[in-house]
Amino acid sequence: MSNTRTRALLAAGIAILIAGSAGTVVAAQAAPPAPAPDHHQVSTALADDFNAVDRNTNWQLTGKLKLNFPTYHTEGIAFSADHIFLSAVQIIEPTQKYPTPQGGYDRTPGKGIGHLFVMDKAGNLQKDITLGEGDMYHPGGIDFDGTNVWVPVAQYRPNSSAIIYRVDGNTLDVHKQFEVKDHFGGIVMDQQTGHLVGNTWGSRRFAEWDLKGKQLATWENPNFFIDYQDCQYVPNSRMLCGGVTNLPQTPAAGGANSTYELGGMAMLDLTSHQVTRDVPFQKWSTAGHVATRNPFKMAANGSHLTMKVAPDNGDEGNGTEILTYEATVNPAS
């Protein structure tokens with residue numbers, strides 16, 4: 001073999017190794033659904049800071065962004081460099097509980113329209129993306145992985161079905177990724193594994209899928225503190241969720257059937273399937289809802305946490321407002 005040919009083969013081999021180390025696969029060049037995980041430049045600031053949050057953390061309301069378009073019943077929120085994404089369900093016909101279950105369902109399907117609102121950073125509506133098919137019209141909690149927004153759209157009843165959508169964060173093109181059995185009301189992309197993790201009605205169960213919809217694992221929620229409504233991925237293989245539950249209230253506070261909203265946040269380990277930290281959150285919106293009721297996202301900068309929530313529906317209080325809460329913590333060194 002000539003030296004020239006040897007050098008050519010070596011150069012080709014090195015090029016293949018470099019491409020492989022960068023996550024480039026020639027056969028997968030057609031619209032990859034998610035970015036390749038980066039195991040070298042991963043910040044654990046959010047996980048570290050959240051592990052320092054407790055009931056005494058001093059959260060301050062530092063901003064309100066009023067949305068001046070119909071937002072209906074808000075569900076999930078996500079942020080990219082250029083956009084704010086807000087999922088919501090427009091109810092046309094409410095579901096009705098059956099006296100006894102029928103066909104495995106406890107209520108009628110109702111009717112509605114699923115929305116993914118795309119806004120600029122000032123909250124101005126840029127696009128209203130309609131999602132869903134037939135009885136599957138209820139978007140849930142959403143997650144942005146740096147490239148795509150992941151949105152589950154389910155029937156508005158437990159033990160039903162859902163579609164998992166992928167929306168390109170730049171072009172806003174919509175891709176129907178796969179369908180799943182059961183109501184899944186939230187989803188995150190585990191950027192460590194490249195898998196998707198969803199939570200069912202009331203977040204009582206979790207499932208993990210590959211990007212073709214093959215179920216890889218399922219597990220019960222070990223925690224009964226709150227029902228997770230909107231979650232986000234946190235390096236490495238963690239899931240940070242906000243949520244709410246309605247608990248019985250003393251009759252003197254509002255009648256025999258009165259309830260109150262208990263809000264909270266929780267960090268889950270996607271490897272051990274355990275809740276590693278959960279903290280109550282009792283701050284209230286203009287309409288009187290606990291702030292973590294539905295849309296929820298958090299970011300960390302040093303020892304400073306910023307939380308964005310949008311608990312009020314479009315027809316409540318002052319309409320939907322994106323609220324900003326901030327807190328300083330002392331994470332363990």
Side-chain angles (χ1 to χ4, degrees), residues 17-25 27-29 31-53 76-81 85 140-152 164-169 175 177-178 180 184-200 203 205-223 228 230-243 265-278 296-301 305 331-332:
L17 288 173
I18 292 172
S21 67
T24 302
V25 181
Q29 286 179 350
D38 185 343
H39 304 295
H40 303 290
Q41 297 179 358
V42 173
S43 171
T44 61
L46 180 52
D48 295 339
D49 284 1
F50 185 76
N51 281 332
V53 173
I77 198 167
F79 299 86
S80 70
F85 299 90
I142 64 179
D143 187 34
F144 177 64
D145 66 12
T147 301
N148 301 298
V149 182
W150 296 93
V151 187
I164 307 302
Y165 287 98
R166 170 173 58 89
V167 180
D168 188 290
H175 306 269
Q177 197 74 13
F178 53 82
V180 291
F184 281 89
I187 197 166
V188 301
M189 159 63 72
D190 184 344
Q191 296 177 37
Q192 187 78 7
T193 63
H195 298 158
L196 295 166
V197 177
N199 52 280
T200 61
S203 66
R205 185 173 66 87
F206 295 89
E208 179 181 353
W209 310 280
D210 66 17
L211 295 182
K212 294 182 179 180
K214 179 182 178 181
Q215 183 172 289
L216 305 173
T218 182
W219 64 95
E220 301 296 315
N221 188 343
N223 187 283
Y228 310 135
D230 194 19
C231 303
Q232 68 192 86
Y233 175 74
V234 178
N236 288 317
S237 287
R238 296 181 180 95
M239 183 176 183
L240 177 60
C241 302
M265 306 166 287
M267 183 83 76
L268 296 86
D269 187 309
L270 296 177
T271 302
S272 68
H273 302 161
Q274 297 299 309
V275 176
T276 59
R277 193 172 191 85
D278 55 4
F296 163 91
K297 287 297 180 290
M298 190 180 292
N301 183 5
L305 287 169

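Just so it is clear, the structure is predicted and the values come from calculations on it, not from any experiment. Count residues from 1 along the sequence.
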Look only at the side chain of [X] and the backbone of [Y], and say whether a donor-acceptor pair between them is shorter than 3.5 Å.
| X | Y | result |
| --- | --- | --- |
| T200 | F184 | no |
| D230 | F296 | yes |
| S237 | L270 | no |
| Q177 | L211 | yes |
| K297 | Q232 | no |

Residues in side chain to side chain donor-acceptor pair (under 3.5 Å) with D48, at least two apart?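 Applying side chain to side chain donor-acceptor pair (under 3.5 Å) to D48 gives T44.
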I want to check something: taking the side chain as every heavy atom from C-beta on, are [X] and [Y] in contact at a cut-off of under 4.5 Å?
| X | Y | result |
| --- | --- | --- |
| Y228 | N223 | yes |
| F178 | D210 | no |
| P235 | Q191 | no |
| V275 | N221 | yes |
| M189 | N148 | no |
| M265 | F50 | yes |
| D143 | C231 | no |
| R166 | I164 | no |

Euclidean distance, [Y] [atom2] relative to [X] [atom1], rounded to 0.5 Å:
| X | Y | atom1 | atom2 | result |
| --- | --- | --- | --- | --- |
| L216 | K214 | CG | NZ | 6.5 Å |
| M239 | D190 | CE | CG | 10.0 Å |
| I142 | I187 | CD1 | CD1 | 11.0 Å |
| T218 | R205 | OG1 | CZ | 4.0 Å |
| L196 | D145 | CG | CG | 8.5 Å |
| H195 | Q215 | NE2 | CD | 12.5 Å |

Flag if over 12 foreign heavy atoms under 6.0 Å of CG, N301: no
Would you name the heavy atoms of [X] and [Y] that are closest together and state the gap between them?
| X | Y | result |
| --- | --- | --- |
| Q192 | N236 | OE1-OD1, 3.5 Å |
| G185 | P152 | C-CG, 4.1 Å |
| F144 | G169 | CE1-CA, 4.2 Å |
| M267 | A47 | CE-CA, 3.7 Å |
| V53 | R277 | O-NE, 2.8 Å |

Between W150 and Y233, is the ring-ring contact (aromatic ring centres under 6.0 Å, His included) condition met? List the steps. CA-CA 11 Å; W150 296 93; Y233 175 74; over 10 Å; no
Taking side chain to side chain contact (heavy atoms under 4.5 Å, CB included) as the test, write out the residues that go with A217, two or more places apart.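 Checked A217 against side chain to side chain contact (heavy atoms under 4.5 Å, CB included); matches are E208, W219.
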